[in-house]
Each structure stands twice: as C-alpha cells, then as structure tokens.
There are 2 protein chains.
Amino acid sequence: MTKSSTTVRQRIVAGAADMISRRGLNATSIRETAKHARAPLGSTYHYFPEGKQQLVTEAVRYTGAWTAGSLRKELQAGPVAGLRAFLALWRKIVVDSDFRAGCPVLAVSVEEPPTDEPPASLLAAADVFTEWENLLAGSLREHGAEPRQAAQLATLIVAAVEGTVAMCRAKRSTQPLDDTAEQLQALVLAAIEG
Amino acid sequence: MTKSSTTVRQRIVAGAADMISRRGLNATSIRETAKHARAPLGSTYHYFPEGKQQLVTEAVRYTGAWTAGSLRKELQAGPVAGLRAFLALWRKIVVDSDFRAGCPVLAVSVEEPPTDEPPASLLAAADVFTEWENLLAGSLREHGAEPRQAAQLATLIVAAVEGTVAMCRAKRSTQPLDDTAEQLQALVLAAIEG
DNA sequence: GCTATGCTATGACGATCGTCATAGCCGGTG
DNA sequence: CACCGGCTATGACGATCGTCATAGCATAGC
C-alpha cells in the first residue's frame, strides 16, 4: 500500500461523507463518489471490496471520528465552550454549503434498507451518536452536573443539534440554530451550577 | 370525481408518507407506493400529474397537517400536555414500527435534489416545521412564557424531537426519547412559571 | 531486465428508476 | 341504446444503479 493510495482512499471516504450529507444515502452513487474523488470507478471496489455498504459505514465513522476529535479538544475549555464549538461546527457546514449540506450520520439514520437486520452503517451511526453523547456527558459531570442530568442533557444536545441542522436546511435560515444554541447554552450553565 | 377515487388518492398519499418515513425519499419509488396502496401504476400519474415531486409534497403536507391537528387538540390541556402528546405520538410510531419508521418531513429535509432551487417538497417541509413551532410557541405564550423564550423553546422542542426520533431508530432503543422527554418537560414547566 | 503486485481502465450484466403513451373497461347521461 | 369521461391496464423509453470481470499499466524487488 503506497502513500498516494491511502490518500485516494481517504479522499473517496471524505467525499462520500460530503455527498451523503447533501443528497442523502440513496442518492449518492458509487460512480459519483469515485468521480468526485477523481478516482476510477474500478478503484472503488478495489479499496472497498464489500461495496457500497462498506464505503457508507466508513464515511459515517469518518465523520463521527472527526467531529468527536474536535469536540474532545474544545471540551477541554469546559462544557459551555465545547457546546459552542459543536454548534459552530455544524453552523459552518450549513452556511458554507449554502444550506445544502447537513449531517451524514443523520442521513444514514433515516434511510432503512429492506433487510430485516440493521446494516453495519446504521450500527456505526448509533455508535457515533453515543460517542458524542459520552463526550458531552463526561464533561458535564466533571464540572459538577449530576450524572443522570448530564446523560439526559447530553442526549438532548446531540438530538437537538441534529434536528436543528435539518430544520435550517429546510428553512434556508440559521435562525433555528441560533435559537437552540441560546436555549442549550442556558441549560448547560444551569446544569453545571446546580 | 367519485368518492372512491378520493379514497384511493388519500391511500396513495398516506402510504407514500409511511414509506418515506421508513426508507427515505429516494428509496421510495412510485411503483411501490402504488403497489402499497393497491392502485395501478398508471393511476399515480392520473392523480399526480406533476409526478413524484407532487406526491412527495402532498405526503409531507399530509403528515404535517395530521400531526398539527393532534398537537392543536392536545395543547388545549396546556403546553405540558401538548408536549407529552407530541412525544407520545412519535414514540408510538417508532415503537409500533419496531424502530423502522421515523418522520417523513425530516427524511425529505435531508435529501437535496441536484437542482439549484429548492423543490416544492422542501418548502412544504419548512412550512410544516414552522407550523408545529407556532402551535407550541402560542400555547407557551398563553400560559405565561415570554414571547422570545416561547419561540426559542418551541424551536428546540421540534428540533429535539426530530433528532431524537432518528437517534432512536439508529440505536434501536427508546432511551433517547425518554431522556429528551424528561428534559423538555422540565424546560416547559420552568418557562410557564418563570 | 523480468516478474510479481497494486492500481487503473473499460465495458458489460441485470435490475430498477421516473415518466409517458395508448388502449380498454365501466358507470352514468342523454 | 349509444356515448363519453374518469379510471385502469399494460408496456415501453432512456437513464442510472450496484456489482463484477478482465485486460492494461507501472512500479518495486530480485
């Protein structure tokens, strides 16, 4: 495995995550992800032998890990700073894309395959959500929040942000994000002071 | 227009909303919506001459109106009762479908078409979200909440519920919904008492 | 220089998609 | 009874999908 091949692989994964965040899972084709990464179609099945399912799963995990890393770093300055960074991160994605992009993890979560068992990509999405919640809940506990309150508030934050990003896209406005930002910030402040 | 034809039309719209809430927008084909409603494929383009776009838009509005009607009724018993009914409504959909169904309005909001201008279905989704927010905000104001606080909290509620439903699907658990329910209920109580 | 290995290039397969055209049925009107 | 308009039935169209097979290239080790 040469160094450039690793780059091509990462470009495909990152591009797939971006395309899924814009058009959704089913409207993102293997052909277009390859074209977007300037890679031949055949290479896709060289790097991802298990096909689209594998690529989607890696795209979800890639987004999850990248966001978790940013969140972990910003949480070092406290829960409020972490929340603000988390909100700013998604706000930038929505604004920079002119309300065309959202969260690929959410997109994967709302499109179910016809199979009975949940696919690997959906399990990855659940793991990503849980990881984000755990980071937030841990920081809240470290700053004095009750464990139960910390866990519930962390879930509310992740859910609200995901939902708000989708609402911003539909409304073509950042107003929902600004509204929930203010509400969530007050909540976090109350939780770590009570 | 006979009476039975209206019923067929409504069956197609309601079925499309259900399928979109499960598989997403792009994985819901006109053929399968027709089959699901036991209607011939040709009839679909008789009832919806503008094609899939029209059917999807009507499915979004159908879900929005149905939910708004339920919400309006339950809000007569106050904001807390309305919130609980709103949460119970989505909880029932998630549980009854064995974590396979979610909100079709959210599904439409996260799948963008390749066109420049937002399609009618996305505008309908934005209207639905706004309608739900207005209902909640109005009830909050009537019970003593500050107008600004009422509007922000209403946005948070809608966004959190939409996000939480998606998280419940991914995690195959109602835990997120129960967590946010408790948090939101406390918030509403504080808003109408402060 | 030769060969093995990793990646590219190309094209095909069956399936399904949205859309549309056209012909037939069927009940109510005159 | 004839007729006509709403609805059904059927089949086709071009396009695109995921997937795969195979042949070509290029580079690194011997």
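Here is the naming used below: chain letters follow the sequence lines, and residue numbers restart at 1 for every chain.
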S.K.: Restricting to non-hydrogen atoms, name the atom on A:Val110 and the atom on B:Ala107 that form the minimum distance, rounded to 0.1 Å.
M.R.: CG2-CA, 4.4 Å
S.K.: Show every side chain to side chain donor-acceptor pair (under 3.5 Å) that has at least one partner inside residues 27-36 of chain B, sequence neighbours left out.
M.R.: B:Arg23-B:Glu32
S.K.: Rounded to whole Å, how long is the line connecting atom NE2 of B:His46 with atom C1' of D:dC7?
M.R.: 6 Å
S.K.: Could you check how far CZ of A:Phe48 sits from P of C:dG6, rounded to whole Å?
M.R.: 17 Å
S.K.: Does B:Asp127 offer a backbone N or O that forms a donor-acceptor pair with the side chain of B:Arg61 under 3.5 Å?
M.R.: no
S.K.: With sequence neighbours excluded, tell me which residues meet side-chain contact (heavy atoms from CB on, under 4.5 Å) with A:Lys52.
M.R.: A:Leu25, A:Ile30, A:Val56
S.K.: Without decimals, in angstroms, what is the distance between B:Arg38 CZ and D:dT8 P?
M.R.: 13 Å
S.K.: Within the distance-only criterion (no hydrogens, no angle test), does the side chain of B:Glu111 pair as donor or acceptor with the backbone N or O of B:Asn26 below 3.5 angstrom?
M.R.: yes
S.K.: Indicate for each nucleotide in nucleotides 15-23 of chain D, in 5' to 3' sequence, whether protein heavy atoms under 4.0 Å reach the base (B), only the sugar-phosphate (S), or nothing (-).
M.R.: --BBB----
